[in-house]
Enquirer: 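Pasting a structure below so you can have a look.
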Amino acid sequence: MCRQTTMKRAAGRLCVFLVTGTWVLPSARAQSRLDSLQRLDEVVIEAQTPVKEVIPAQRLAGDGLQRLGAHSVADAIRYFSGVQIKDYGGVGGLKTVNIRSMGTNHVGVFYDGIELGNAQNGVVDLGRFSLDNMEAVTLYNGQKSAIFQPAKDFSSAGSIYLQTRTPFFRDGERQHLKATLKDGSFGTVNPALVWDRKLSDRLSTSLSGEYLYTTGRYRFTYRVADSYDTTAVRRNGDVQAVRLEGGLFGSLPRGYWRTKAYFYRSERGYPGAVVKNKFSHEDRQWDMNAFAQGTYKQDFARYSLLLNAKYAYDYLHYLADPNRDAALMYVNNHYHQRELYLSAAQRYALTDRWDVSLSADYQMNALNADLVDFVYPRRHTGLVAAATSLRVGRVDLQASVLGTFVTERVKSGSASAEDRHEWTPTAVLAWRLTDEWTARAFYKRIFRMPTLNDLYYTFIGNVSLNPEFTSQYNVGATYARTFSDRWLRRVEAQADVYYNEVEDKIVAMPTSNFFRWTMVNLGKVEIRGIDVAAQADWLLPGGVSLTSRLNYTFQRAQDFTDPDDSYYGGQIPYIPRNSGSATLQANWRRWEANYSFIYTGERYSSRANIPANYVLPWYTSDFSVARNIPLHRGTLKCTLEVNNLFNQQYEVVMSYPMPGTNVKAIVQYEF
C-alpha cells in the first residue's frame, strides 16, 4: 500500500506538466573528445569517439547519462560491456565494480583526473558517487589512450574516469543554477543544487551540494527450494548522506589550473543477507570522506607539464551491537585513513608524429584503527612511467613501462611486509584500415599490491604475501560511419576479443582455528571473453530522433588454482558467461523517453559449480518520460521514472534481494 501511494503521489505531481506544450527537435548531435573539459550540450545522448581511441573505451555523457534511471555511478556502469557490478542489497548496499573478471582491486577509479584511494581494503564504493553533478563516466580496459598522464594512470588493469561538470558560459552569461528534487519509492528524498559563477574571463567557480535520505524498505519474495515462498520487507537499509563540493577553475594562455574540495558524510544500515529465515540485521556504519586536490597543466611550445596534488582523509565507524540483534558478535571499530599524493608528468614532442613522456608520482598512506594489536601501517609508494607515442601513416603505436616502488613501516616491534620493486610494460597498436574501419591490439602486464587489510588485519593478515599479477591480451576492431540522406544518421560498433591471466591471486584460507583465517597466494584465473558494443542514431519522419545502443559480453573465467581440485576449471564466482544491455532514447519536440534493459545470465556463488550454488539469471527493464518547459530565463524539466518495470525478483549477490518495481519523480530547474 505504501508503494502504491508513493507511485500515485509521484504521478500526480507530474501529470499537469506532461499534458501541454509544443515540441522542439534538437538541432544537432554534439561531438566531444574523450578528454574534453567542455560542458556537453543538453541534447547529447552519448558521446563516443571510438575511432580516435587506441585502447577500447566506453563512455556515457551529458543528458544521456542523466536519463538512464540510474541512482549512482555504479548503476550507470552496468550499461558497459565487460563489467560486473556486485550490489549488496539495493539503495543502501555496498556497490563494487569488476572489469573483465580480474577483481575489484584491479580497477582504478579516477575523480576529475586523480585516483580515489582506499589502501585499507582496495575497494571504492561507487554507490556513494551521485550522477547529479557528473558530466561523463568513461571506462578503459588496460589504460587511457594517452601517454601524457600521471604515473598512477598506468598502474591499473582497468580504469573508470568520473568527470564532474566544468563551468561553461556563453557570451554575456555570468552564472548558471541547477536545482533538482527527486522523490520516490522507499521514502526517498534527494534534493541537489549546482551553482556555477563566472568571476572573470579567466576564473570561474562551481559549488554543489546534495542530500539523500531513504528508508531502504522494500518488499521482496523469499523462496526456499522444494518448500515455500513468502513476501517480506527489507529492513535496516536506510541511508542518510550529505555531499558538498566546491571547485575553482582558472584558464591560462595555453593551459589551465583547477582546485576542488570534496566532503561526504553518511550513516547507513547494512540490511545483510537473508538466510535461514533471518530477514533483519542491525549492524550500522558511519562514513566521512574528505579531500582537496589541484591540477595545473601548461604547454610550452613542444614541451608540456602536468602537476597534480591531493590530500585525503577517510573515517569509518562500524558497529555491530548484540543489544540490538542477539545474533551479532559485538564489534565497535573505528578506522582513520590519511593519503598524500603528488605527481608531475612531462611530455615532449620530438616531431609532429612522435611524442615521449616521463611521469613521477609519490603517495603516502597511513591507517589507524582501534583493533587489538594493530600495527599502524604506513605505506610509501613511488611510481615512475616512461612512455612514447608514434604515428606512422595509418598506424599508431604506444609503449610504456611503469616502475613501482613500495616501502612499508609499522609500529616498533612488529613485522612489516618486504619492500617491493616491480617493472611492468604495456604495448599498444592501432591501424586505421579505412576511414570507417580501425583495428587495434594491446598487451599489458600489471600488478596490485596486497591491501593493508590483507597484510596487517589482526589474526588474518599475512605480511609475506606477494603482489597479484595480471597479463592482458586484447585484439579488436571499430567501425563508424555517418550518413546524411537516410533515416539512419550514424552507426558505431566495436568488438574486442581478450585473454586475461591473474597469477598469485590472494584468497582467505582458514587455519587450525576456524575463527582465525589468513591471506595466502593460491589462485590462478584465466579469462577469455568477447565484448561487443553498437550504437545507432536515427532521425525519423515527424522530427523524432532516436539513439539506440546494444552491449553484449561473453566470458569464460576459469579457476586453475589446483589441478587436483574436483572443481578445477570451473567458472569463478558471480561471473556470468552471457550478459548484456540495451537502451533506446527518443526525443520529440520537448518530450523525452528512455527505455533500458539489463540482462545477467546464470552464475555460481562459489567456485564449486554445482546445483547448490547455482544463481538464477535476471533482467530488469526501466522506463522514463520527461518534458522540458521554458520558464522565465530557464527550463523546467519534469521526469517520471519507473524502474524494474516488470517487478523482477532477483539477486545480484545470493541472499541479497533487490528492489521490485519502484518509481521516482524528478523536478529540475536550470538556467
Enquirer: When you check the side-chain N and O atoms of T478 and R440, is any donor under 3.5 Å from an acceptor?
Expert: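 There is such a pair (donor and acceptor under 3.5 Å, judged by atom type) between the side chains of T478 and R440.
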Enquirer: Kindly indicate whether the side chain of Q285, heavy atoms from C-beta on, has any atom under 4.5 Å from the side chain of L316.
Expert: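 In contact.
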Enquirer: Give a yes or no on whether a salt bridge exists between K505 and D559, defined as a side-chain N under 4.0 angstrom from a carboxylate O.
Expert: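 A salt bridge is absent here (no side-chain N lies under 4.0 Å from a carboxylate O).
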Enquirer: Below 30° counts as parallel, above 60° as perpendicular, anything between as tilted: where do the rings of F220 and Y218 land?
Expert: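 It falls in the perpendicular class, over 60°.
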Enquirer: Are D454 and R448 ion-paired here, with the side-chain N under 4.0 Å from a carboxylate O?
Expert: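 Yes.
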Enquirer: Do the non-hydrogen side-chain atoms of T470 and Q472 ever get within less than 4.5 Å of each other?
Expert: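 In short, these two side chains touch, coming nearer than 4.5 Å.
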Enquirer: Quick one: does NZ or CZ of R549 land under 6.0 Å from the six-membered ring centre of Y79, within 45 degrees of the ring axis?
Expert: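 Not flagged: R549 not positioned over aromatic ring of Y79.
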Enquirer: Using distance alone, with no hydrogens and no angle criterion, decide if N121 and N453 have a side-chain donor and acceptor under 3.5 Å apart.
Expert: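 Side-chain D/A pair, N121 to N453: absent.
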Enquirer: Report the residues that fulfil side-chain contact (heavy atoms from CB on, under 4.5 Å) with R284, sequence neighbours left out, ordered by chain and then residue number.
Expert: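 R284 satisfies side-chain contact (heavy atoms from CB on, under 4.5 Å) with N236, D238, E267, W286, R324 only.
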Enquirer: Can you confirm whether the side chains of Y498 and Q555 place a donor and an acceptor under 3.5 Å from each other?
Expert: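 Y498 vs Q555: donor-acceptor pair found between side chains.
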Enquirer: Looking at I160 and I99, what are the two nearest heavy atoms and their distance?
Expert: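 Heavy-atom minimum between the residues: CG1-CD1, 4.3 Å.
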Enquirer: Between the main-chain N or O of L131 and the side-chain N or O of N133, is there a donor-acceptor pair closer than 3.5 Å?
Expert: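 No, N133 side chain to L131 backbone: no donor-acceptor pair under 3.5 Å.
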Enquirer: Given 3.5 Å as the limit, does a donor-acceptor pair link the side chain of Q494 with the main chain of A57, or not?
Expert: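 Indeed, once roles are kept as given, a pair shorter than 3.5 Å links the two residues.
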Enquirer: Could you please spell out the steps behind the side chain to side chain contact (heavy atoms under 4.5 Å, CB included) verdict for Y552 and I530?
Expert: CA-CA 8 Å; Y552 169 74; I530 301 172; 5.6 Å; no
Enquirer: If I take atom CG from residue N118 and atom OG1 from residue T104, how far apart are they, to the nearest 0.5 angstrom?
Expert: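 Rounded to the nearest 0.5 Å, the CG-OG1 separation comes out at 11.5 Å.
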Enquirer: Write down the atom of L546, the atom of A586, and the distance for their closest heavy-atom approach.
Expert: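 Where L546 meets A586 most closely, the heavy atoms are CD2-CB, 3.2 Å.
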Enquirer: Apply ring-ring contact (aromatic ring centres under 6.0 Å, His included) to residues F623 and Y595 and explain how you reach the verdict.
Expert: CA-CA 5 Å; F623 177 77; Y595 172 77; 7.3 Å; no
Enquirer: I'd like to know if R128 and D287 make a salt bridge, using a cut-off of under 4.0 Å between side-chain N and carboxylate O.
Expert: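 A salt bridge is absent here (no side-chain N lies under 4.0 Å from a carboxylate O).
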Enquirer: With a 3.5 Å cut-off and no angle check, do the side chains of Q240 and Y211 form a donor-acceptor pair?
Expert: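 Result is yes, a qualifying pair exists.
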Enquirer: With the side chain counted from C-beta on, respond yes when E651 and W618 share a heavy-atom pair under 4.5 Å apart, and no when they do not.
Expert: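 Not touching, per the 4.5 Å side-chain cut-off.
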Enquirer: Side chains of Q58 and V83: closer than 4.5 Å at any heavy-atom pair?
Expert: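 A side-chain contact under 4.5 Å is absent here.
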Enquirer: Are more than 12 heavy atoms from other residues, nucleotides or ligands located less than 6.0 Å from atom CZ of R556?
Expert: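 For R556, atom CZ is crowded (more than 12 foreign heavy atoms under 6.0 Å).
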Enquirer: Any ion pair linking R445 and E503 (charged N to carboxylate O, less than 4.0 Å)?
Expert: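 Result for this pair is yes, salt bridge flagged.
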Enquirer: Determine whether F110 and E115 make a side-chain contact, defined as any pair of heavy atoms from C-beta on separated by less than 4.5 Å.
Expert: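 Touching, per the 4.5 Å side-chain cut-off.
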Enquirer: Can you tell me if Y604 and Q571 form a side-chain donor-acceptor pair at under 3.5 Å?
Expert: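 Judged by distance alone, the side chains do not pair up.
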Enquirer: Counting distance only, does the side-chain N/O of K664 pair as donor-acceptor with the main-chain N or O of T639 below 3.5 Å?
Expert: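 A pair under 3.5 Å: no.
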Enquirer: Within the 4.5 Å heavy-atom criterion, are V653 and Y574 side-chain neighbours or not?
Expert: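 Yes, their side chains come closer than 4.5 Å.
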